[in-house]
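Source: prediction; values computed, not measured. For the numbers below, each heavy atom of this structure counts, side chains included, while hydrogens, waters and symmetry mates do not.
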Amino acid sequence: MAIVFFEKKEGPLVTIRKYTKKEVDEIGKRAGITNIQEIYDNRVIIENWLYRQFVKKGGQPQIKIPYYAAVYDELPADNQLHVRFQEPQCIRIPMSAFPKNCVSFTYGQSPRALTRKDNHPTRRKLLTWEEAEWAINKFPYDHNEGTWLEMQIWEESTIQHFYNNKNNLYVKDFNVSQRMSEATKQMVYMKYFPYIRMLPSRLFFDANSVHGVMHALRVFVLADKLAEDQKLDIQLKSILQCSALYHDIGRNNDQIDDFHGYRSYEEIRKFGIVLQKFPFKLQEIMRFVIENHPFDDQKAVENIKKYSLGDSERIEAMKVLHILKDADTLDRCRFGHINLDYLALEDSRKYVSFAYQLLTIFREKI
């Protein structure tokens, strides 16, 4: 079954490339996606490549910019496809309804499928109908991988036919069970926005950047939620909260930087931020967490031996680190996607929808 998601008021035959630059900026602002122009530019490159490859493989596109569908029997509850819409609707269309020479596929969302550098046999490939059948049988949906088959639809008539079905048998509202009411959003705002006073602009190389004030505040909110689920004691929760607020203040750019955690802790020491209220062992846990949050678990486990922590304290430190890293990962929805592979805690998966909605509460520029 092919599932096409769309905003109810706009209908299904809409793509981001039909909007002007100003309109694209407004879409990004409403959704809280900070790099919307970069997403747009990458989409142009990717769709041009998909078109060329489709023609090269014998496809017969009727349009040059495709529409998209997710191929599922039943849509997994933790998908990230519908949470970006204010009023999501979807059309469920039988695969057999599409002309085979007008559809192509990638194993996973095309921007990720075409750029991932692992050796999975489907990476960096456009798939024909027959190749897609092979892929979906060989690599069925994996909850941990979070990968689904994306269909690129190079014609409009099939979608239009099922959208205009007089009995409306195929179109339905998609109810997001985790959707926050406006009252709940306001409560979240009132509870957490006061912490903004702990994040003066001078602490950041660019307070309005994707690693600036609002990112820190959202990571704080997400970490606080996860700490409740993990039943973190009050002292460790305090350490986690401080780590969330200040984990990126050592950044001097928005690029990949494995050592910004060390600089962040140096900044904390230089400015005398909050350290004096914690005993040495808790300070050491916070130092480990902030300095090691850019690293994978293997590297963090190797590094923890360098800190003045006992065995039980190392366990606590790793738990706090996992919560901070998961909160940081969840806020990557500001780039348009959360890689579920990077989440260490099972509880973190249930906050995917919450993380997307948090963007609309605490945007980059407020």
- Item | Gap separating the CG atom of Asp328 from the NE2 atom of His293, nearest 0.5 angstrom | 5.5 Å

- Query: How would you list, by chain and number, every residue that makes a salt bridge (Lys or Arg N to Asp or Glu O under 4.0 Å) with Lys21, sequence neighbours excluded?
  - Reply: Asp25

- Spell out, as yes or no, whether a donor-acceptor pair under 3.5 Å connects the side chain of Lys57 to the backbone of Leu126. yes

- Message: What I'd like to find out is whether the side chain of Tyr68 reaches to under 4.5 Å of the side chain of Met151, using heavy atoms alone.
- Response: no

- Item | salt bridge (Lys or Arg N to Asp or Glu O under 4.0 Å) against Glu313, all qualifying residues, sequence neighbours excluded | Lys281

- Task: Return each pair, listed once, that meets ring-ring contact (aromatic ring centres under 6.0 Å, His included) where at least one residue sits in residues 37-67; pairs must be two or more places apart or across chains.
- Result: Tyr51-Trp154, Phe54-Trp154

- Task: Would you please classify the geometry between the Phe6 ring and the Tyr163 ring as parallel, tilted or perpendicular, with 30° and 60° separating the classes?
- Result: perpendicular

- Message: Please check: side-chain N/O of Arg287 versus main-chain N/O of Tyr265, any donor-acceptor pairing under 3.5 Å?
- Response: no

- Salt bridge flag under 4.0 Å for residues Arg251 and Asp254: no

- Task: With rounding to the nearest 0.5 Å, note down the distance linking CG in Asn48 to CD in Gln53.
- Result: 12.0 Å

- Is the shortest heavy-atom distance from the side chain of Thr158 to the side chain of Pro99 under 4.5 Å? yes

- Message: Would you say that more than 12 heavy atoms from the other residues, nucleotides or ligands in this model lie under 6.0 Å from the CZ of Arg269, or not?
- Response: no

- What pair of heavy atoms forms the shortest contact from Ala244 to Leu324, and how long is it? CA-CD1, 3.6 Å

- Item | Under 3.5 Å: donor-acceptor pair, side chain of Asp331, backbone of Arg218 | no

- Reference residue His247; test side-chain contact (heavy atoms from CB on, under 4.5 Å); the match among His215, Lys325, His211: His215

- Task: With salt bridge (Lys or Arg N to Asp or Glu O under 4.0 Å) as the test, would you mind laying out the steps for Lys225 and Glu228 before giving the verdict?
- Result: CA-CA 5 Å; Lys225 295 288 187 183; Glu228 292 176 8; 5.3 Å; no

- Is the side chain of Asp224 donor-acceptor paired with the backbone N or O of Phe220 at a distance under 3.5 Å, no angle test? no

- Query: Would you say the side chains of Tyr307 and Asn292 form a donor-acceptor pair under 3.5 Å?
  - Reply: yes

- Determine whether Lys305 and Glu302 make a side-chain contact, defined as any pair of heavy atoms from C-beta on separated by less than 4.5 Å. no

- Query: Could you give the distance from CD1 (Ile338) to CG (Leu330), rounded to the nearest 0.5 Å?
  - Reply: 5.0 Å

- Item | Least distance between heavy atoms, Ile153 atom then Ile63 atom | O-CD1, 3.9 Å

- Return yes if some donor-acceptor pair links the side-chain N/O of His322 with the main-chain N/O of Lys319 below 3.5 Å, else return no. no

- Query: Would you call Gln357 and Ile361 a side-chain contact if the rule is heavy atoms closer than 4.5 Å?
  - Reply: no

- Message: Restricting to side-chain hydrogen bond (donor to acceptor under 3.5 Å, both in side chains), what partner residues turn up for Thr128, sequence neighbours left out?
- Response: Glu131

- Query: If you measure from CD on Glu182 to NZ on Lys185, what distance do you get to the nearest 0.5 Å?
  - Reply: 4.5 Å

- Item | Full working for side-chain contact (heavy atoms from CB on, under 4.5 Å) between Leu50 and Thr106 | CA-CA 10 Å; Leu50 289 170; Thr106 51; 4.2 Å; yes

- Item | Distance-only donor-acceptor check, side chains Trp134 and Glu130, under 3.5 Å | no

- Calculate, to the nearest 0.5 Å, the distance between atoms OG and CG belonging to Ser348 and Asp326 respectively. 3.5 Å

- Are Gln255 and His260 close enough that some pair of their side-chain heavy atoms sits under 4.5 Å apart? no

- Message: Treating Glu155 as the side-chain partner and Gln62 as the backbone partner, does any N or O pair qualify as donor plus acceptor under 3.5 Å?
- Response: no

- Using side chain to side chain contact (heavy atoms under 4.5 Å, CB included) as the criterion, list what pairs up with Leu236, not counting sequence neighbours. Leu232, Asp233, Leu282, Ile285, Glu316, Val320

- Task: Using atom types as modelled and distance alone, determine if a side-chain donor or acceptor of Ser238 lies under 3.5 Å from a backbone N or O of Ile234.
- Result: yes

- Look at the side chain of Glu267 and the backbone N and O of Gly250, then say whether any donor-acceptor pair between them is shorter than 3.5 Å. no

- Query: With a 4.0 Å cut-off, would you call Asp229 and Lys350 a salt bridge?
  - Reply: yes

- Task: Quick one: closest heavy-atom pair of Arg334 and Leu359, and the distance?
- Result: CB-CD2, 3.6 Å

- Heavy-atom pair of closest approach, residues Trp129 and Met95: CH2-O, 3.2 Å

- Query: Within 45 degrees of the axis of the six-membered ring of Tyr342 and under 6.0 Å from its centre: does Arg332 put its NZ or CZ there?
  - Reply: no

- Taking the side chain from Glu150 and the backbone from Phe105, do they hold a donor-acceptor pair closer than 3.5 Å? no

- Note on the structure: Scanning both residues in full, the closest heavy-atom pair of Leu199 with Ala216 reads CD1-CB, 4.0 Å

- Message: Side-chain heavy atoms nearer than 4.5 Å, only ILVMFWY residues, links allowed to pass through others: does that put Phe295 and Val289 together?
- Response: yes

- Arg263 with Glu266: basic N within carboxylate O range, under 4.0 Å: no

- With sequence neighbours left out, the residues meeting ring pair (Phe, Tyr, Trp, His ring centres under 6.0 Å) with Tyr246 are none

